[in-house]
Amino acid sequence: MSADLPGPDVVDVLLSHHGRAEELFKETLNATGEDRRGAFHDLVRLLSIHETIEEQLVHPLSRASIDAGAELVGDRLREEREAKEMLKDLYERGTDDPEFEQRLLVLRDAVLEHATYEERYEFPRLRQANSPRALAALVPLARAAEAIVPTRPHPGVESATENLLAGPFAAITDRIKDALRDARR
């Protein structure tokens, strides 16, 4: 958290997601059986929530407030779409798939590279271009989104408008599927 902020800002929230994602990749790779499935589902949920928060809150602000923001966001959205496609494929294959571990390593590398680009190029410029109060004001919206956004990857839904239109239906569908999965355990 920056010293001049009134509290954590939306960038702090996203940075904490980056750290947690890295932990969940390790947990998933080191686990087996049901523990691996659980860690992977936690990872899928976190990545889905994280990207939706970026797509609905952060990227629109970056486009509007950062010089060459549209280009910078376009690059991040391409990375996010590729990661969502890999994540969806992994999710559909399941953790018992013989190629799961190798495909998860490819996904991990892509996600960590994407996070590095955000941390190096987007987030610092976002903080320079916006007041601490403006970024802190997004935290309650990000926290609310964590409770209602889809919990699975939906490639092709990368814009704020697409998320607003498809997000609620996808979130409900995802949560029903999650409840059914949890009931079978």
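Since this is a predicted model, take the numbers as computed values, not measurements. The basis for the numbers below is simple: all heavy atoms, side chains too, and nothing from hydrogens, waters or symmetry mates.
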Quick note, salt bridge (Lys or Arg N to Asp or Glu O under 4.0 Å) partners involving residues 17-30, not counting sequence neighbours, are Arg20-Glu23, Arg20-Glu27
Across all chains, not counting sequence neighbours, the side chain to side chain contact (heavy atoms under 4.5 Å, CB included) partners of Ala31 are Asp35, Arg36
Taken in chain and number order and not counting sequence neighbours, the residues that satisfy side chain to side chain contact (heavy atoms under 4.5 Å, CB included) with Glu92 are Lys88
Closest non-hydrogen atom pair, [X] against [Y]:
X	Y	result
Ala110	Met86	CB-CE, 3.5 Å
Phe100	Phe40	CZ-CD1, 3.7 Å
Glu118	Pro124	O-CD, 3.9 Å
Ala142	Val10	CB-CG2, 4.2 Å
Ser62	Val73	CB-CG2, 3.7 Å
Ser65	Ala129	O-CB, 3.2 Å

Quiz item: Does the distance from a Lys or Arg side-chain N to an Asp or Glu carboxylate O, for Glu71 and Arg76, drop under 4.0 Å?
Solution: no
Next item on the list: Would you mind checking if Arg127 and Asp12 are paired as a salt bridge, meaning a charged N to carboxylate O distance below 4.0 Å?
Entry: yes
Are His59 and Glu80 linked by a side-chain donor-acceptor pair shorter than 3.5 Å?
yes
Is there a side chain to side chain contact (heavy atoms under 4.5 Å, CB included) between Arg125 and Asp67 once you walk through the steps? CA-CA 9 Å; Arg125 293 170 69 192; Asp67 289 336; 4.3 Å; yes
Grouping ILVMFWY residues whenever side-chain heavy atoms fall under 4.5 Å, the cluster of Val139 otherwise contains Val13
For His114, the ring-ring contact (aromatic ring centres under 6.0 Å, His included) test, sequence neighbours excluded, returns none
Walk me through whether Asp75 and Arg78 qualify under salt bridge (charged side-chain N to carboxylate O under 4.0 Å, His left out). CA-CA 5 Å; Asp75 291 342; Arg78 279 188 287 288; 2.3 Å; yes
Applying side chain to side chain donor-acceptor pair (under 3.5 Å) to Asp96 and not counting sequence neighbours gives Arg37
Only one of Leu87, Leu29, Asp97 passes side-chain contact (heavy atoms from CB on, under 4.5 Å) with Leu104, and that residue is Leu29
- Query: What do you reckon, is OH of Tyr121 surrounded by more than 12 foreign heavy atoms closer than 6.0 Å?
  - Reply: no
Assess whether side chain to side chain contact (heavy atoms under 4.5 Å, CB included) is satisfied between Phe25 and Leu107, documenting all intermediate values.
CA-CA 9 Å; Phe25 274 112; Leu107 174 65; 4.1 Å; yes
Original post:
Do the rings of Phe123 and His18 sit parallel, tilted or perpendicular, given the 30° and 60° boundaries?
Top reply: parallel
| query | Would you say Asp9 and Leu138 make side-chain contact, with heavy atoms under 4.5 Å? | reply | no
